[in-house]
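Note that the structure is a prediction, hence the values are computed from the model and not measured.
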There are 2 protein chains.
Amino acid sequence: MSSSTKASDAKKAVTLLDVATRAGVDRSVVSRVLSDDPRLSIRDETRARVLAAVRELDYRPNALARSLRTRRADTYGLLIPDFGNPVYASIIQGAEAAAIARDCVLMTGSVGAGPAQAAHHLDVIGRGRVDGLLLAGDHTAGASLEELDRRGIPWLLVNRRLPRARRWVVLDDEEAAGLAVRHLIGLGHERIAHVAGPRDADTARRRMRGWRTAMRAAGLSTPASAAVVSDYTPEGGAAATRELLTRRDRPTAILVANIAAAIGTLAVCGELGVSVPGELSVVAVHDLALAAFLRPALTTVRTPLEKLGERAIELLASTAPDAPIEEVVTGSLELVDRGSTAPPRGAAA
Amino acid sequence: MSSSTKASDAKKAVTLLDVATRAGVDRSVVSRVLSDDPRLSIRDETRARVLAAVRELDYRPNALARSLRTRRADTYGLLIPDFGNPVYASIIQGAEAAAIARDCVLMTGSVGAGPAQAAHHLDVIGRGRVDGLLLAGDHTAGASLEELDRRGIPWLLVNRRLPRARRWVVLDDEEAAGLAVRHLIGLGHERIAHVAGPRDADTARRRMRGWRTAMRAAGLSTPASAAVVSDYTPEGGAAATRELLTRRDRPTAILVANIAAAIGTLAVCGELGVSVPGELSVVAVHDLALAAFLRPALTTVRTPLEKLGERAIELLASTAPDAPIEEVVTGSLELVDRGSTAPPRGAAA
DNA sequence: CTGAAAGCGCTTACAG
DNA sequence: CTGAAAGCGCTTACAG
């Protein structure tokens with residue numbers, strides 16, 4: 001296995017010249033055969049010889065040399081807040097698949113460990129290693145965008161928008177929230193509270209709007225006190241839920257803006273002895289396999305996160321660097337009813 | 001922002017020649033100044049001129065050109081089963097930090113989407129893009145190792161061993177399991193079952209051994225029926241737990257080999273009305289923030305997963321490609337008692 | 001139908 | 001103290 005015949009035999013990679021020599025042609029011929037150059041006319045016999053040599057030597061073109069010459073790295077970058085966040089895991093998977101489909105490579109970095117780590121990623125990216133960069137989530141300091149523009153590196157915001165940056169792709173967060181609210185209204189709820197996302201998060205604003213719009217469409221009120229800000233963590237969801245449940249006019253249902261926060265909501269309900277869904281219905285945005293194993297199993301709105309990642313790569317790869325991109329990935333929203341929602345107590349059957 | 005002055009001005013990157021011209025020296029001088037070449041003697045004044053030009057032009061050396069010349073990609077690869085698995089999320093974070101500390105880049109790919117995706121990653125890696133490859137988890141078909149050896153690419157197994165591959169770094173899985181078992185024994189349990197990992201998983205075997213060894217050390221028996229195989233998912237943990245709980249000689253405690261599986265264990269207990277920890281104590285290997293928000297909050301053994309990722313990069317970077325590496329990352333194991341474990345019912349206080 | 005040459009942007013041994 | 005040259009492994013316009 002790892003025991004080579006000699007410690008000294010650092011394997012030299014097979015090069016174009018090796019293949020050419022073996023096939024008895026020039027390097028340029030091998031290159032053009034492999035890239036299917038349409039302007040190359042070559043005898044079938046010669047081509048066969050070339051391909052045989054390629055196969056026999058198991059030749060792979062050196063990606064670095066090729067990139068240096070073609071000025072394309074065939075690599076895309078993806079910056080995320082944190083690998084531990086399952087929402088971004090799905091986005092990565094979609095982006096990875098799309099990159100592979102284009103014969104490219106995806107380089108994913110996280111900035112969770114702080115600004116030094118973010119700076120490192122930005123620095124690396126300035127060295128010609130990527131053809132474009134996806135910026136997913138709420139970590140993108142404005143400065144980076146200017147720097148990327150200065151260096152001529154195309155970028156695209158994913159799952160967030162910025163007023164001054166007209167290149168983004170997002171989910172239909174408003175509709176996702178609306179779908180959840182209409183489900184609750186359909187069950188007979190009227191006092192539907194909202195555990196919202198962070199104040200500066202674009203997704204949070206859009207889900208909040210979806211909640212408000214759906215409520216108003218049904219003639220229900222959305223007092224400021226019915227929405228409590230939280231971050232997208234169990235801790236945050238727990239604190240926000242605790243606040244909602246200690247109010248006088250307790251809601252009969254809660255829309256939680258994010259599934260991680262909803263885990264905190266369920267925990268607090270258990271702790272306070274509030275039965276779900278008996279006394280309180282709970283529904284969250286984003287679906288995870290985990291949701292089926294919470295107690296009670298959590299009703300969610302499934303969102304096309306993988307599709308978001310895929311689409312982001314496609315847009316980045318196929319659009320001029322200075323063209324505006326403002327796309328909402330639609331469809332595929334689905335309410336997954338797992339039993340944490342039910343008609344409010346005392347509702348007419 | 002993304003609106004350039006002209007659509008046509010594809011930004012040309014600043015090159016070594018640009019800097020040299022501006023500073024009035026040769027390219028090679030700039031290169032040696034930037035790399036702190038000790039064999040370069042240069043007038044302070046000239047050096048200052050060079051550095052000024054670098055700064056004014058905001059020059060970054062092209063990583064591809066440098067790598068082509070130096071034959072080092074300054075990049076490490078990491079292959080994981082699945083981005084959705086939080087255990088691997090921690091490993092990635094550790095590896096990313098260690099790579100950055102060495103001024104390198106980490107390229108992480110998953111093979112979850114099937115053999116075609118694995119093949120793509122292997123193919124890419126054969127093209128000179130990485131200086132070494134970490135293979136984390138149970139997806140590494142034997143064939144890849146031979147192929148990597150043939151191409152002279154150093155590799156290292158992470159969180160798994162293979163009999164014929166003497167290059168691996170793992171956690172102290174045996175001790176982690178033992179720690180959990182001794183905690184349960186200390187509480188007074190004697191019938192301690194084990195929801196084990198998959199039969200072919202190396203981590204599963206070692207945790208199983210840790211369970212068995214700790215039991216025997218306390219004079220307790222470990223009949224085959226006390227261990228049920230499961231995969232590392234809530235579904236698997238649920239099925240295995242269901243099986244254990246329907247037996248005649250029901251255990252009073254369960255050690256679950258993996259925290260994801262333990263989520264399934266808790267769900268089944270809730271469903272069957274088995275009170276935790278009243279009737280059954282549950283403890284799992286690996287810790288996640290989530291554990292504090294399960295009902296009941298889950299007692300776990302915290303493992304140094306980030307350290308595992310860090311150490312893997314260090315070993316890969318600093319060890320000869322054909323030297324054996326057999327390292328167990330020790331220390332940092334800690335029992336996190338959150339209340340899903342308690343003395344067995346009827347135990348002497 | 002195929003070959004020779006230039007050049008992508010670096011680094012490094014060698015000259016002067 | 002600094003410059004000129006070679007070369008890493010490719011691709012591509014040009015020659016013949």
Side-chain angles (χ1 to χ4, degrees), chain A residues 10-51 53-54 57 59-75 124 126-129 131 151-152, chain B residues 10-51 53-54 57 59-75 124 126-129 131 151-152:
Chain A
K11 319 239 177 356
K12 291 268 291 182
V14 174
T15 158
L16 209 43
L17 185 57
D18 299 327
V19 178
T21 307
R22 180 173 193 112
V25 297
D26 187 83
R27 289 141 66 204
S28 60
V29 174
V30 180
S31 176
R32 279 173 288 181
V33 164
L34 285 178
S35 66
D36 274 322
D37 183 346
R39 279 172 310 191
L40 170 69
S41 46
I42 189 175
R43 256 183 285 148
D44 282 352
E45 179 198 313
T46 315
R47 157 173 273 130
R49 235 172 40 235
V50 168
L51 292 174
V54 166
L57 298 175
Y59 168 71
R60 308 280 155 106
N62 180 296
L64 269 32
R66 166 184 281 172
S67 289
L68 183 60
R69 180 64 230 244
T70 61
R71 307 174 149 293
R72 283 182 303 106
D74 290 328
T75 302
V124 160
R127 296 168 121 89
R129 296 185 103 127
D131 299 321
R151 301 200 173 276
Chain B
K11 318 240 179 352
K12 290 270 288 180
V14 175
T15 158
L16 208 45
L17 185 58
D18 299 328
V19 178
T21 307
R22 181 173 191 111
V25 297
D26 186 82
R27 288 142 66 202
S28 59
V29 174
V30 179
S31 176
R32 281 174 287 182
V33 165
L34 286 179
S35 64
D36 273 323
D37 183 347
R39 280 172 309 191
L40 171 70
S41 48
I42 187 174
R43 255 182 286 150
D44 282 351
E45 179 197 313
T46 316
R47 156 173 275 129
R49 236 171 40 234
V50 168
L51 291 174
V54 165
L57 297 175
Y59 168 71
R60 309 281 154 105
N62 180 297
L64 271 30
R66 165 183 283 172
S67 290
L68 183 60
R69 180 63 229 245
T70 61
R71 306 173 150 292
R72 282 183 304 107
D74 291 328
T75 302
V124 160
R127 297 168 120 90
R129 296 186 103 128
D131 300 321
R151 299 197 174 279

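Look at B/Thr46 and you'll find a side-chain N or O under 4.0 angstrom from OP1 or OP2 of D/dT2.
In this structure, CZ of A/Arg127 is placed 18 Å from C1' of C/dC8, rounded to the nearest angstrom. Distance, A/Arg71 CZ to C/dC8 P: 7 Å, rounded to whole Å. Between the CG atom of A/Asn62 and the P atom of D/dG7 there is a distance of 18 Å, given to the nearest Å. Computed from coordinates, the B/Arg47 CZ to D/dC1 P distance equals 11 Å when rounded to whole Å. C/dA4 atom P lies 12 Å from atom CG of A/Leu17, rounded to whole Å.
Nucleic acid contact for A/Leu40: base, since at least one base atom lies under 4.0 Å from a heavy atom of the residue. At the heavy-atom level, A/Ser41 lies under 4.0 Å from base atoms of the strands shown.
Sorted by first and then second residue, the side-chain hydrogen bond (donor to acceptor under 3.5 Å, both in side chains) pairs involving residues 21-32 of chain B (not counting sequence neighbours) are B/Arg22-B/Glu56, B/Asp26-B/Ser28, B/Ser28-B/Arg32.
Nearest heavy atoms, A/Leu68 versus B/Ala65: CD1-CB, 3.7 Å. Here the closest non-hydrogen pair linking A/Leu16 and A/Val30 is CD1-CG1, 3.5 Å. Across A/Arg66 and A/Pro61, no two heavy atoms sit closer than the pair NH2-CG, 3.8 Å.
Residues passing the side-chain hydrogen bond (donor to acceptor under 3.5 Å, both in side chains) test with B/Arg127, sequence neighbours excluded: B/Asp123. Residues passing the side chain to side chain contact (heavy atoms under 4.5 Å, CB included) test with B/Arg39 are B/Asp37, sequence neighbours excluded. A search for side-chain hydrogen bond (donor to acceptor under 3.5 Å, both in side chains) contacts involving A/Asp74 returns A/Arg72, not counting sequence neighbours. In this structure, B/Asp18 has no salt bridge (charged side-chain N to carboxylate O under 4.0 Å, His left out) partners at least two apart in sequence or on a different chain.
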Protein proximity profile, nucleotides 11-16 of chain C - base contact B, sugar-phosphate-only contact S, no contact -, cut-off 4.0 Å on heavy atoms = BBBB--
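Between D/dT11 and C/dT2, the two C1' atoms lie 16 Å apart (nearest whole Å).
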Any chance you could encode DNA chain C as dot-bracket? Rule is Watson-Crick or G-U wobble with both distances under 3.5 Å; [ ] for pairs crossing earlier ones, | for another strand.
-> |||.||||||||.|||
For residues 42-50 of chain A, which side-chain donor-acceptor pairs fall under 3.5 Å, sequence neighbours excluded?
from    : atom 1 : to      : atom 2 : distance (Å)
A/Arg49 : NE     : A/Ala23 : O      : 2.9
A/Arg49 : NH2    : A/Ala23 : O      : 3.2

